[in-house]
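Written out below as structure tokens is the structure these notes cover.
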Amino acid sequence: MTRPTEDVSPLVPRLLLAGMSVTAVLALTLAPRSLVAPARGAFMALADRFAAPVVAGLSGWQWESSLNALLFVPLGAALALLLGRRLWLLAPLLGFVVSFGVEYAQLRIPGRVPDLQDVLWNTLGAAAGAVATSLLLRRGGGRRRAG
């Protein structure tokens with residue numbers, strides 16, 4: 001009896017991708033601001049250069065919320081890929097757990113300001129990444145069966 005392709009997919013690359021996503025989120029959200037500020041400045045300069053027409057009309061709050069969501073898109077995608085087609089719906093929930101944990105930890109870090117709205121935007125970002133990955137997994141699975 002053969003197993004579906006999803007079951008034989010290499011687990012190690014998926015675990016590495018999820019681990020890298022979690023590490024990036026934790027580094028950017030829990031590291032002291034003095035360490036994160038240069039990376040944030042470089043990112044903002046790149047975003048201003050390449051995305052200026054898209055973000056020109058956004059307020060500071062909208063821009064921050066968008067960045068919070070974007071930060072969690074790779075995490076949601078990596079978790080959905082790790083969980084597979086049947087359990088991908090857990091990825092946004094896990095994104096919420098990570099986000100809530102980050103905000104809770106920020107209570108104890110000088111210079112960090114926890115915000116429950118960040119949890120909402122981070123969770124929405126994780127959900128967007130999970131949905132996109134789920135759609136790709138379904139589309140890829142449909143092609144394999146048809147071919």
Side-chain angles (χ1 to χ4, degrees), residues 3-56 58-141 143-144:
R3 295 186 337 200
T5 307
E6 180 182 354
D7 293 341
V8 246
S9 297
L11 185 61
V12 173
R14 292 176 183 206
L15 284 170
L16 284 173
L17 185 60
M20 289 181 350
S21 298
V22 169
T23 300
V25 164
L26 295 179
L28 291 171
T29 57
L30 297 179
R33 285 205 181 264
S34 60
L35 294 177
V36 177
R40 180 182 167 86
F43 174 80
M44 295 301 271
L46 280 172
D48 187 45
R49 183 171 183 193
F50 294 106
V54 176
V55 299
L58 297 180
S59 69
W61 176 82
Q62 291 169 323
W63 180 232
E64 281 293 321
S65 298
S66 299
L67 289 176
N68 279 324
L70 285 173
L71 177 63
F72 273 69
V73 168
L75 177 62
L79 291 171
L81 189 60
L82 182 64
L83 295 168
R85 285 189 280 177
R86 291 192 181 109
L87 298 174
W88 74 270
L89 281 170
L90 293 175
L93 177 63
L94 293 171
F96 167 81
V97 169
V98 170
S99 179
F100 189 84
V102 162
E103 297 303 317
Y104 184 76
Q106 285 180 350
L107 286 169
R108 307 239 188 268
I109 300 173
R112 289 294 187 167
V113 181
D115 185 354
L116 286 180
Q117 280 194 325
D118 288 353
V119 175
L120 169 70
W121 288 104
N122 296 343
T123 303
L124 288 173
V131 167
T133 300
S134 172
L135 292 173
L136 289 172
L137 288 173
R138 286 175 194 246
R139 187 172 181 193
R143 260 195 240 139
R144 276 192 293 275

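Keep in mind that what you see is a predicted model, and the values were worked out from it rather than measured.
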Atom CH2 of Trp63 and atom CG of Leu70: how far apart are they, to the nearest 0.5 Å? 7.5 Å
The side chain to side chain contact (heavy atoms under 4.5 Å, CB included) partners of Leu15 (sequence neighbours excluded) come to Leu11, Leu82
Side chain to side chain contact (heavy atoms under 4.5 Å, CB included) involving Ala80 - partner list, sequence neighbours excluded: Trp88, Ala91, Ala130, Thr133
Which residue pairs pass the side chain to side chain donor-acceptor pair (under 3.5 Å) test with at least one member in residues 70-79, sequence neighbours excluded? none
Partners meeting side-chain hydrogen bond (donor to acceptor under 3.5 Å, both in side chains) with Ser65 (sequence neighbours left out): Trp121
Mind jotting down which residue pairs meet the salt bridge (charged side-chain N to carboxylate O under 4.0 Å, His left out) criterion with at least one end in residues 62-76? Sequence neighbours excluded, please. Arg40-Glu64
List the residues meeting side chain to side chain contact (heavy atoms under 4.5 Å, CB included) with Leu135, not counting sequence neighbours, and say none if there are none. Val131
In terms of heavy-atom contacts, Val36 and Arg112 come closest through CG2-NH2, 3.6 Å
How many angstroms lie between CG in Leu120 and CZ in Phe96, if you round to the nearest 0.5 Å? 10.0 Å
Pair up each side-chain donor or acceptor in residues 97-108 with any protein partner under 3.5 Å, not counting sequence neighbours, and list the distances.
| residue | atom | partner | partner atom | Å |
| --- | --- | --- | --- | --- |
| Ser99 | OG | Asn122 | ND2 | 2.8 |
| Glu103 | OE1 | Asp115 | N | 2.7 |
| Gln106 | NE2 | Thr29 | O | 2.8 |

Could you pull out all donor-acceptor pairs under 3.5 Å where a side-chain atom in residues 16-26 meets a protein atom, sequence neighbours excluded?
| residue | atom | partner | partner atom | Å |
| --- | --- | --- | --- | --- |
| Ser21 | OG | Leu17 | O | 3.0 |
| Thr23 | OG1 | Gly19 | O | 2.7 |

Does Leu89 have any side chain to side chain contact (heavy atoms under 4.5 Å, CB included) partners at least two apart in sequence or in another chain, and if so, which? none
Contacts of Ser59 that satisfy side-chain hydrogen bond (donor to acceptor under 3.5 Å, both in side chains) - sequence neighbours left out: Gln62
Nearest-0.5 Å distance that lies between atom CZ in Arg86 and atom CG in Leu137: 12.0 Å
